[in-house]
Amino acid sequence: MRLSHYPIQTTKETPAEAEIVSHQLMLRAGLIRRLAAGLYSWLPMGLRTLRKAETIIREEMNRAGAFEVLMPVVQPAELWQESGRWGKYGPELLRLKDRHQRDFVAGPTHEEVITDIARRELKSYRQLPVNFYQVQTKFRDEIRPRFGVMRAREFVMKDAYSFHADEPSLEAGYRLMHETYTRIFTRMGLDFRAVRADSGPIGGDVSQEFHVLASSGEDAIVFSDGDGYAANMEAAEALAPAEARPAPGEPLQKVPTPGAKTIEAIAKLLGVPPQHCLKTLLVEGDGEGDAAVVALVIRGDHELNATKAQHLPGVAAPLRMAGAERIHQATGAEAGFIGPVGLKCRIYADHSALAVADFVCGANEKDMHLTGVNWDRDIQGYVAADLRNVVEGDPSPSGQGRLKLARGIEVGHIFQLGRKYSDALKALVLDESGREVTLLMGCYGIGVTRVVAAAIEQNHDERGIIWPEPLAPFQVVLVSLGAQKAPQVRETADRLYGELTAAGIEVLYDDRDARPGVKFADAELLGIPHRLVVAERGLAAGRLEYRHRRESESVEFPADEALSFLRARIGH
RNA sequence: CGGGGUGUAGCUCAGCCUGGUAGAGCACUACGUUCGGGACGUAGGUGUCGCAGGUUCAAAUCCUGUCACCCCGACCA
């Protein structure tokens, strides 16, 4: 492709709207343009990369025996009513009416449609297992779209759905997708981790997320340095401390703590470390009276894990903190002075909070705290639970090593759905003995547009993008310098362009009448892996210049060996 | 949804406080010089100052409303 005729506009200045580096670089390199909040157009250069990602995904899905389909973006409300999600899905679901006032949705995902296909097409266990996938546009009306295509409202997703007659088959299909995703992200040249995700009350290892590691990632992920354990923060288990709790050594005392509503303030005021202060969070319960709130007690230096909390019996899901009125009703005090002593509501205490003796907590009385508090002696009827986020250095739940924290960008999610949709939509097949059985389902997503952004987030420098080679829009950028006044430069570059292209190499030929600085800067901003420079200087000696985007020094080589030289570099 | 902020040329922004002929840089067009790391000169085109009302002799500027966009928050008492 000749750059002189390629519709692309790069900019030196960073657009004000872009906060993270991938968004900035995608705009500066002219890969995408914003149409409205969370809606982006892909321009030719950007689309080439998006297609590369799609192609890798398709090849690996096909290799795994999945079948590509294409389902409608617009879906009838009836299907969503049938699955129950019409009522449950919040404002993220874009609802539309057609001219006949019939309700439709812009599909945020396609479980309903694929299950409808399955119940029509699948009649016998002999047709199973089967995996259908598509690469298609989704719409989710995000509260706050941001970070460009990283969290857009409209985005391209590869979604796959597998159907099985029994659990072992579902598990095998799930494992196959795990392998397939690993192949996909490996082929893309990304540094990624598969982590356990929150699998809900069902339990078991049925949901995993694939994260591209990047310091700017929105998600906290956790992994062990001593074994294979990896999970996202929501799902990462905090073990109970191994050491036994010391015996009570102090009497229970009430002390005035005027205005000290935070752990930090109390720790400072009373001169105790935060881990000896326990904080009591009141959340809404799922009942009336004493069951209207639930108390959660964690150590002052720990954070509540909302996902864990909302799975506890008696806690309303989704988790909501109790309002000031509820807090007053349940404790007689206000937030900041709450403690577990004397509470009538259900009390859950985090394992690590239970290991503390002679601790400080709120007195359930304004401007008062208790010191020398002890479990069992002063508080009874509590239940031990895992309530907190793990912290760096916690022991690995699977036994070996300590936990480390990292940031990740979720680019894939695989899930054993079970019968949730097949039950609701009555997707059944006949088994070997002629009995009707409900299909088991797995679903597997990859955010294709997000993968592109994540690749940049992980691979860039101050000059621009550094594409992993499998995702680069072009493999080679061929730069001619001074072609206007040196005909042999133009001739050589033209000939090289023809030869390399004929050899099947994707070449972006910068034949523009621009100054060297402009050409180099654009080549680096665009992140093309291999750069070939044709200039009068080297050509006089019969030499060309090569440089990889990741390297800082160029190398020269004989001009007539260009093809073999490049082939060796590209591995083509 | 709550709080904060911004809307002026294709882009980045100044001008607004203190009302008086709409600006700079980048980008774009032409010509000339330049040519191995985002050149320079000359000339040129470019605007419903987000939109609607209001105040005023006069509004980008003041007032009211409205729309759009951005940021923070919406668990950590």
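A note on names: the letters A, B, ... follow the listed sequences, proteins ahead of strands, and every chain is numbered from 1.
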Test for a donor-acceptor pair under 3.5 Å between the base of [N] and the side chain of [X], counting only N and O atoms.
{"X": "A:R531", "N": "B:G37", "result": "yes"}
{"X": "A:R512", "N": "B:G38", "result": "no"}
{"X": "A:E13", "N": "B:G25", "result": "yes"}

Looking just at side-chain N and O atoms, do [X] and [Y] make a donor-acceptor pair shorter than 3.5 Å?
{"X": "A:Q24", "Y": "A:H460", "value": "no"}
{"X": "A:D376", "Y": "A:Y382", "value": "yes"}
{"X": "A:R346", "Y": "A:Y348", "value": "yes"}

Exercise. Within 45 degrees of the axis of the six-membered ring of A:W42 and under 6.0 Å from its centre: does A:R33 put its NZ or CZ there?
Worked result: no
Exercise. Quick one: does NZ or CZ of A:R531 land under 6.0 Å from the six-membered ring centre of A:F520, within 45 degrees of the ring axis?
Worked result: yes
Can you tell me the pairing partner of [N] across any strand shown, Watson-Crick or G-U wobble, with both distances under 3.5 angstrom?
{"N": "B:U42", "answer": "B:A30"}
{"N": "B:G2", "answer": "B:C72"}
{"N": "B:C35", "answer": "none"}
{"N": "B:C51", "answer": "B:G65"}
{"N": "B:C11", "answer": "B:G25"}

Exercise. Given the side-chain rings of A:F565 and A:Y546, with only the six-membered ring counted for Trp, is the space between their centroids under 6.0 Å?
Worked result: yes
Separation of the [atom1] atoms in [N] and [M], to the nearest angstrom:
{"N": "B:A30", "M": "B:G36", "atom1": "P", "answer": "23 Å"}
{"N": "B:A58", "M": "B:G2", "atom1": "P", "answer": "38 Å"}
{"N": "B:A60", "M": "B:C17", "atom1": "C1'", "answer": "14 Å"}
{"N": "B:C49", "M": "B:A24", "atom1": "C1'", "answer": "16 Å"}
{"N": "B:G15", "M": "B:G23", "atom1": "C1'", "answer": "7 Å"}
{"N": "B:G37", "M": "B:A74", "atom1": "C1'", "answer": "48 Å"}
{"N": "B:A39", "M": "B:G45", "atom1": "C1'", "answer": "23 Å"}
{"N": "B:U55", "M": "B:U61", "atom1": "P", "answer": "15 Å"}

Seminar exercise, completed: Whichever of A:I298 and A:L525 has the more 5' nearest nucleotide on RNA chain B, that residue is A:L525
Seminar exercise, completed: 5'-most contact on RNA chain B (nearest-nucleotide basis), A:F520 vs A:L304, goes to A:F520
If you check every side-chain atom of [X], which of [options] has the closest atom?
{"X": "A:A535", "options": "B:C76, B:G38, B:G36", "answer": "B:G36"}
{"X": "A:K279", "options": "B:C76, B:A27, B:G36", "answer": "B:C76"}
{"X": "A:A335", "options": "B:A77, B:G36, B:C75", "answer": "B:A77"}
{"X": "A:P15", "options": "B:A77, B:U12, B:G37", "answer": "B:U12"}

For this session: Applying salt bridge (charged side-chain N to carboxylate O under 4.0 Å, His left out), run through A:D522 and A:R512 and close with a yes or a no.
Result: CA-CA 11 Å; A:D522 276 345; A:R512 294 175 301 173; 3.0 Å; yes
Does [X] reach a base, just sugar-phosphate, or nothing at all? Heavy atoms under 4.0 Å.
{"X": "A:K12", "answer": "base"}
{"X": "A:R320", "answer": "nothing"}
{"X": "A:R463", "answer": "base"}
{"X": "A:E334", "answer": "nothing"}
{"X": "A:L319", "answer": "nothing"}
{"X": "A:E545", "answer": "base"}
{"X": "A:R547", "answer": "base"}
{"X": "A:N305", "answer": "nothing"}
{"X": "A:L281", "answer": "base"}

Exercise. For the residue pair A:F474 and A:Y6, does the interplanar ring angle fall in the parallel (under 30°), tilted (30 to 60°) or perpendicular (over 60°) class?
Worked result: perpendicular
For this session: Tell me, with the steps shown, if A:E457 and A:H23 meet side chain to side chain contact (heavy atoms under 4.5 Å, CB included).
Result: CA-CA 9 Å; A:E457 212 56 52; A:H23 190 195; over 6 Å; no
For the pair made of [atom1] in [X] and [atom2] in [N], what is the distance, rounded to whole Å?
{"X": "A:E462", "N": "B:G38", "atom1": "CD", "atom2": "C1'", "answer": "15 Å"}
{"X": "A:M26", "N": "B:C11", "atom1": "CE", "atom2": "C1'", "answer": "18 Å"}
{"X": "A:E218", "N": "B:G73", "atom1": "CD", "atom2": "C1'", "answer": "15 Å"}
{"X": "A:L481", "N": "B:G38", "atom1": "CG", "atom2": "C1'", "answer": "14 Å"}
{"X": "A:R146", "N": "B:A74", "atom1": "CZ", "atom2": "P", "answer": "11 Å"}
{"X": "A:R299", "N": "B:A77", "atom1": "CZ", "atom2": "P", "answer": "16 Å"}
{"X": "A:E553", "N": "B:G37", "atom1": "CD", "atom2": "C1'", "answer": "14 Å"}
{"X": "A:L27", "N": "B:U12", "atom1": "CG", "atom2": "C1'", "answer": "13 Å"}

Seminar exercise, completed: Expected string for nucleotides 40-49 of chain B under the B/S/- scheme (protein heavy atoms, under 4.0 Å, primed atoms plus P, OP1, OP2 as sugar-phosphate) is ----------
For this session: Given side chain to side chain contact (heavy atoms under 4.5 Å, CB included), test A:L405 with A:V391 step by step and report yes or no.
Result: CA-CA 7 Å; A:L405 304 189; A:V391 295; 5.6 Å; no
Exercise. So, A:K308 and A:D386, do they make that salt bridge, N to O below 4.0 Å?
Worked result: yes
Exercise. From A:Q310 CD over to A:L304 CG, what is the distance, rounded to the nearest 0.5 angstrom?
Worked result: 10.0 Å
For this session: Answer yes or no: is there a side-chain heavy-atom contact under 4.5 Å between A:V297 and A:D350?
Result: no
Exercise. Does anything in residues 29-41 of chain A reach RNA chain B, meaning a heavy atom under 4.0 Å, and if so which residues?
Worked result: A:R34, A:A37
Exercise. Does OP1 or OP2 of B:G38 have a side-chain N or O of A:R515 closer than 4.0 Å?
Worked result: no
